[in-house]
Amino acid sequence: MIKMIGFIILSLLASSILTQAQLQLGFYSKSCPKAEKIVQDFVNKHIHNAPSLAATLIRMHFHDCFVRGCDASILLNSTSEGQAVERQTVPNLSVRGYDFIDRVKSLLEAECPGIVSCADTIALVARDAVVATGGPFWRVPTGRRDGLISRQSEANNQIPAPFDNFTTLVTRFASKGLDIKDLVLLSGAHTIGIAHCSVFADRRLLNFSGVLGAVDPSMDSEYAANLKANKCKIFNDSRTIVEMDPGSRKTFDLSYYSLLLKRRGLFESDQALTSNATSLAIVNQLLQGSLENFFREFGLSMEKMGKVQVKTGTEGEIRKHCARVNS
């Protein structure tokens, strides 16, 4: 099994397209020198009105990068193709923060029309929102350009799902040039995450393996019983929200990983990190290290993810409005 997973990783890493060289720190230092400060100032002024946005903004960045690379295709309402777009896929229906990105973009357009991409705006806003709410800092090289295509079908097939097993997760991440360590570290963003019952409960708490009332045996029985009694009581409950890191959701810390060792990962994909010797070893190493070490390692994986299949140079465009391609 380990050899097979290793082969999958090597094969997909070799074929993945990572355009990194043309991104650079301070890309806008001459063309729009105030760009990054404009983003940071807006985030610092407004994120505390809705600090939970930090989690959804980092999720937006993640979902964007996993489909056609980090090109802001998640923001498009429509394209010239006339087909359903990424933001209409089920995993993206609960993504919030589109208006927040639009407000930042409007400030950037006022300062430097047609210069700063929506893709860079997402990347910078996600980082600054996490930092402003007490989370880690990471470098964000800029120079991304915006994509022209957004397809719901691609999002359905490429965004990691909450019910993915370990092998599927490894395959999805490797196709983007990300390895098992990145998988473990990026999953750590769930420390500030929330989920609706409909995302996981039907499969894990109410009807596991198609057996009515059956609970996923990989979930701690006490935790499962508490969720069924107090949170997810009915099928397809899209209104009730559950913390992914109970008791610590507002703090970007290591407790998410501690819960995994107690079999209290909310998603099957969370708990899957303990089903493989390599990923489990990484979880234990993180827990044995300091919070500063986690922040540093998380930041490196975020920087790496932010370079996935980016468009640079003359590819794509710089959208004037993030929700639609330029006419």
Should [X] and [Y] count as side-chain neighbours, where that means a heavy-atom distance under 4.5 Å?
X: Leu108; Y: Val39; value: yes
X: Phe66; Y: Lys176; value: yes
X: Leu183; Y: Phe166; value: yes
X: Thr240; Y: His196; value: no
X: Asn284; Y: Leu261; value: yes

Quiz item: Going through the distances and angles, do Arg204 and Ser218 end up as a side-chain hydrogen bond (donor to acceptor under 3.5 Å, both in side chains)?
Solution: CA-CA 9 Å; Arg204 298 201 77 193; Ser218 70; 3.1 Å; yes
Working to the nearest 0.5 Å, report the span between [atom1] of [X] and [atom2] of [Y].
X: Ser275; Y: Leu169; atom1: OG; atom2: CG; value: 8.5 Å
X: Leu107; Y: Thr121; atom1: CG; atom2: OG1; value: 10.0 Å
X: Ile192; Y: Asp253; atom1: CD1; atom2: CG; value: 10.0 Å
X: Ser52; Y: Lys250; atom1: OG; atom2: NZ; value: 9.0 Å
X: Asp179; Y: Leu185; atom1: CG; atom2: CG; value: 9.0 Å
X: Leu273; Y: Ser187; atom1: CG; atom2: OG; value: 4.5 Å

[X] bridged to [Y] by N-O distance under 4.0 Å:
X: Glu268; Y: Arg203; answer: yes
X: Asp164; Y: Arg172; answer: yes
X: Lys262; Y: Asp220; answer: no
X: Lys181; Y: Glu297; answer: yes

Going hydrophobic residue to hydrophobic residue with side-chain gaps under 4.5 angstrom, can you get from [X] over to [Y]?
X: Phe235; Y: Phe267; value: yes
X: Ile194; Y: Tyr223; value: no
X: Ile122; Y: Phe62; value: yes
X: Leu23; Y: Ile318; value: no

Check: [Y] main-chain N/O paired with [X] side-chain donor or acceptor under 3.5 Å:
X: Asp71; Y: Ala119; result: no
X: Tyr257; Y: Val184; result: yes
X: Asn157; Y: Ser153; result: yes
X: Gln88; Y: Val85; result: yes
X: Ser117; Y: Asp146; result: no

Nearest heavy-atom neighbours spanning [X] and [Y]:
X: Asp64; Y: Ala72; result: OD2-N, 2.9 Å
X: Leu206; Y: Ile234; result: CD1-O, 3.4 Å
X: Asp270; Y: Tyr256; result: OD1-OH, 2.6 Å
X: Cys118; Y: Arg319; result: SG-CB, 3.9 Å
X: Pro141; Y: Asp120; result: O-OD1, 4.5 Å

Test item: side-chain donor near acceptor, [X] and [Y], under 3.5 Å:
X: Asp245; Y: His190; result: no
X: Thr168; Y: Asn165; result: yes
X: Thr274; Y: Arg263; result: no
X: Ser198; Y: Asn236; result: no
X: Ser73; Y: Ser150; result: no

Quiz item: Excluding sequence neighbours, so at least two apart, what forms side chain to side chain contact (heavy atoms under 4.5 Å, CB included) with Leu205?
Solution: Phe200, Ala201, Val215, Met219, Ala224, Leu227, Lys228, Cys232
Quiz item: Who pairs with Arg249 by salt bridge (charged side-chain N to carboxylate O under 4.0 Å, His left out), at least two apart in sequence or on another chain?
Solution: Glu243
Practice problem: Using the test salt bridge (charged side-chain N to carboxylate O under 4.0 Å, His left out), find all partners of Lys37 that sit at least two apart in sequence or belong to another chain. | Solution: Asp41
Distance-only criterion, 3.5 Å: show the donor-acceptor pairs between side-chain atoms of residues 287-296 and protein atoms not counting sequence neighbours.
{"residue": "Ser290", "atom": "OG", "partner": "Asn293", "partner atom": "N", "Å": "3.0"}
{"residue": "Asn293", "atom": "OD1", "partner": "Arg296", "partner atom": "NH2", "Å": "3.0"}

Self-check item: Within residues 128-143 or reaching into it, pairs that qualify as side chain to side chain donor-acceptor pair (under 3.5 Å) - sequence neighbours excluded
Solution: Arg139-Glu303
Quiz item: Just wondering, are more than 12 heavy atoms of other shown residues or ligands nearer than 6.0 Å to CD in Glu222?
Solution: no
Practice problem: Sorted by first residue and then second, give each salt bridge (charged side-chain N to carboxylate O under 4.0 Å, His left out) pair with at least one member in residues 86-107; sequence neighbours left out. | Solution: Lys105-Glu109
